[in-house]
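Everything below concerns the one structure shown next.
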Amino acid sequence: MSWLTSFWRSSIGGKVTMAVTGLMLFGFLVSHLLGNLLLLQGRDKINAYAKWLHDLGPLLWVMRIGLLAVFVLHVATAIRLSRANKVARPVAYRKPNTVQANMASRSMLLSGLTLLVFIIYHLMHFTFGVTNPGHHALKAAGAGGHDVYAMVTTSFGNPAIAIAYAVFQVVLFLHLSHGLQSMAQTVGIHHARYTPMIKTVSFLVALAIAGGNAFLSLSVMFGLVGGTQ
Amino acid sequence: MKVILHIWRQAKASTNSDFKQDGKMVRYELNNASPDMSFLEMLDVLNEQLITKGEEPVAFDHDCREGVCGSCGVVIDGVPHGPESGTTTCQLHMRSFKDGAEIYIEPMRAKAFPVTKDLIVDRGSFDRIVQSGAFISVNTGAPQDANAILIPKPDADRAFDAATCIGCGACVAACKNASAMLFVGAKVSHFKHLPQGQVERDSRARNLVSAMDEEGFGNCTNQNECEAVCPKEISVRVIADMNREYLRAKVLEE
């Protein structure tokens, strides 16, 4: 197993860990958005989806623990690498400058940590019911589980919450737009024809994910979704 | 033309413990620069004036002054080798600056490149990385026929693109994380595309990466600043090559 520990400790091992865990988290984001888009199909559809997820029982817990492990690995590796990067340049330039690096690529740690704060808030909001216990307590009629539809529409009916969620999607977009295309480079995919394609697709996919999330919160705020149907 | 220079002055070599208090930026005015001078000639003129005044001249690294040796390389206005792309500091000319320009000149900043004096840094870390495997082992004996080993032209071109690296260190200096991955990637990619490089393929990837990590360089975050400042315009493709070679070598390691 020494090859594994030396790989894990190496610079490229750290990068690959970021790429692989990043890809897994991206997969979760896709399923999260697809599930939430059921909101547009009305109360019954999304509540049925929520009930289906909860009825998975032990399997749901396997997924939750797996997701948490991947998330912790992603954050911990990011912190380890960033710390090493800081040590690698003890004296900063008096006149810093860049030629072609974009804002998204230079602020990955900042956007990542911002997302961490947002995700904690998001879990306290919808999963643990700490920030808005009233919303969290909404129960579906009959079946007994949460009334996800009511939770979401009541929450995002509050413009402050809806706008806060939408603003965080800008950060998510920045993080994803650099992260997605970085994955290919990190695992060694670089090609005259495919690399420009990968960059464009990463940008569009990041836009779709963040835009989709923001669309959901804002459409509730503007009354396009919600009400009594 | 007239230029105002802000130059990092540091009398003694940096030590790891007090990197930060080692030197300071000093302002100089130079009234008799010519647009036809190279950047290093402009520094020569400054140094002549300093010597005439009895001051210590600015120490900077240089050798061939024709863009092939990799000795020169200072950070000019935050960009290694200055504002012209694909150009070493010695091949940069003062016509790239406006009359009256304020120019900030700093040494390359990295823990693995300690400052020896003023603008000179010790790039011995690059030499140690090269010694760890950026070569092919060849038994001595009668040389074989030059064209006995056929190499497809595209492969030869890829190897040569990587081999143009002059080891100046601009990639490290430009990287936000002071990562040496463009340099090390160039070494890996240089041999990866040649049949002679296949024999030590896996050990080379492992040894180069571990030597790079031991020197205390940072980790690549794919910002591509390195390829933008590389005087030989080496693409970050070589970093992808290195990543793939290292992954392969680690997976196959016994």
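Just so we're clear, the structure is a prediction, and the values are computed from it rather than from any experiment.
- Between Phe113(B) and Phe217(B), the ring-plane angle classifies as perpendicular under the 30° and 60° cut-offs.
- For Ser2(A), no part lies under 4.5 angstrom from a heavy atom of chain B.
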Self-check item: Intermediate values then yes/no, side chain to side chain contact (heavy atoms under 4.5 Å, CB included), Ile103(B) and Asp77(B)
Solution: CA-CA 6 Å; Ile103(B) 306 172; Asp77(B) 288 336; 4.2 Å; yes
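- Contact of His191(A) with chain B is not made at all, since no heavy-atom distance falls under 4.5 Å.
- For the atom pair CG of Leu180(A) and CG of Leu23(A), the computed distance is 8.5 Å after rounding to the nearest 0.5 Å.
- Here OG1 of Thr195(A) is found 8.5 Å from CD1 of Ile189(A). Values are rounded to the nearest 0.5 Å.
- Arg206(B) forms no cation-pi arrangement with Trp3(A), by the criterion of a distance under 6.0 Å to the ring centre and an angle within 45° of the ring axis.
- Annotation: cation-pi geometry not satisfied between Arg201(B) and Phe191(B) (NZ/CZ under 6.0 angstrom from ring centroid, within 45° of ring axis).
- Between chain A and the residues Asn219(B), Val236(B), Val172(B), the most heavy-atom pairs under 4.5 angstrom are made by Asn219(B).
- Residue contact with chain A, scored on non-hydrogen atoms closer than 4.5 Å, is absent for Pro83(B).
- In this structure, Met197(A) places its CE atom where more than 12 heavy-atom neighbours from other residues, nucleotides or ligands lie under 6.0 Å away.
- Your options are Gln181(A), Gln100(A), Met108(A), and the one with the most heavy-atom pairs under 4.5 Å with chain B is Gln100(A).
- Here Asp161(B) does not pair with Arg158(B) in a salt bridge; the nearest charged N to carboxylate O distance is not below 4.0 Å.
- Salt-bridge check for Glu215(B) with Arg128(B): passed, with a basic side-chain N closer than 4.0 Å to an acidic carboxylate O.
- Residues Lys111(B) and Arg89(A) fail the side-chain proximity criterion, which asks for heavy atoms closer than 4.5 Å.
- Heavy-atom neighbours of Arg27(B) CZ from other residues, nucleotides or ligands within 6.0 Å: above the threshold of 12.
- For the atom pair CG of Leu207(A) and CZ of Phe173(A), the computed distance is 5.0 Å after rounding to the nearest 0.5 Å.
- Across Asn102(A), Val187(A), Asn97(A), the residue that shares the most heavy-atom pairs under 4.5 angstrom with chain B is Asn97(A).
- Heavy-atom distances place both the backbone and the side chain of Val87(A) under 4.5 Å from chain B.
- Identified by a heavy-atom distance below 4.5 Å to chain A, the contributing residues of residues 247-254 of chain B are Leu247(B), Lys250(B), Glu253(B), in residue-number order.
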Practice problem: Given side chain to side chain contact (heavy atoms under 4.5 Å, CB included), test Arg244(B) with Lys192(B) step by step and report yes or no. | Solution: CA-CA 11 Å; Arg244(B) 197 163 64 241; Lys192(B) 168 192 151 70; 3.3 Å; yes
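- The contact list for residues 220-232 of chain B toward chain A, using heavy atoms and a distance under 4.5 Å, reads Cys220(B), Thr221(B), Asn222(B), Gln223(B), Asn224(B), Glu225(B), Glu227(B), Ala228(B), Val229(B) by residue number.
- There is no contact between Asp241(B) and chain A, counting heavy-atom distances below 4.5 Å.
- Only the side chain of Ser235(B) has a heavy atom closer than 4.5 Å to any heavy atom of chain A.
- Using modelled atom types and a 3.5 Å distance limit, the side chains of Asn85(A) and Ser82(A) yield no donor-acceptor pair.
- Taking CE from Met183(A) and NE2 from His178(A), the interatomic distance works out to 10.5 Å, rounded to the nearest 0.5 Å.
- In this view, Lys176(B) satisfies the salt bridge (Lys or Arg N to Asp or Glu O under 4.0 Å) rule with no residue, not counting sequence neighbours.
- The residue among Leu81(A), Val16(A), Leu4(A) with the most heavy atom pairs within less than 4.5 Å of chain B is Leu81(A).
- Side-chain contact check for Tyr165(A) and His122(A): at least one donor-acceptor pair (N or O, by modelled atom type) lies under 3.5 Å.
- Here Lys2(B) pairs with Glu29(B) in a salt bridge; the nearest charged N to carboxylate O distance falls below 4.0 Å.
- Residues of residues 85-93 of chain B never come within less than 4.5 angstrom of chain A, heavy atom to heavy atom.
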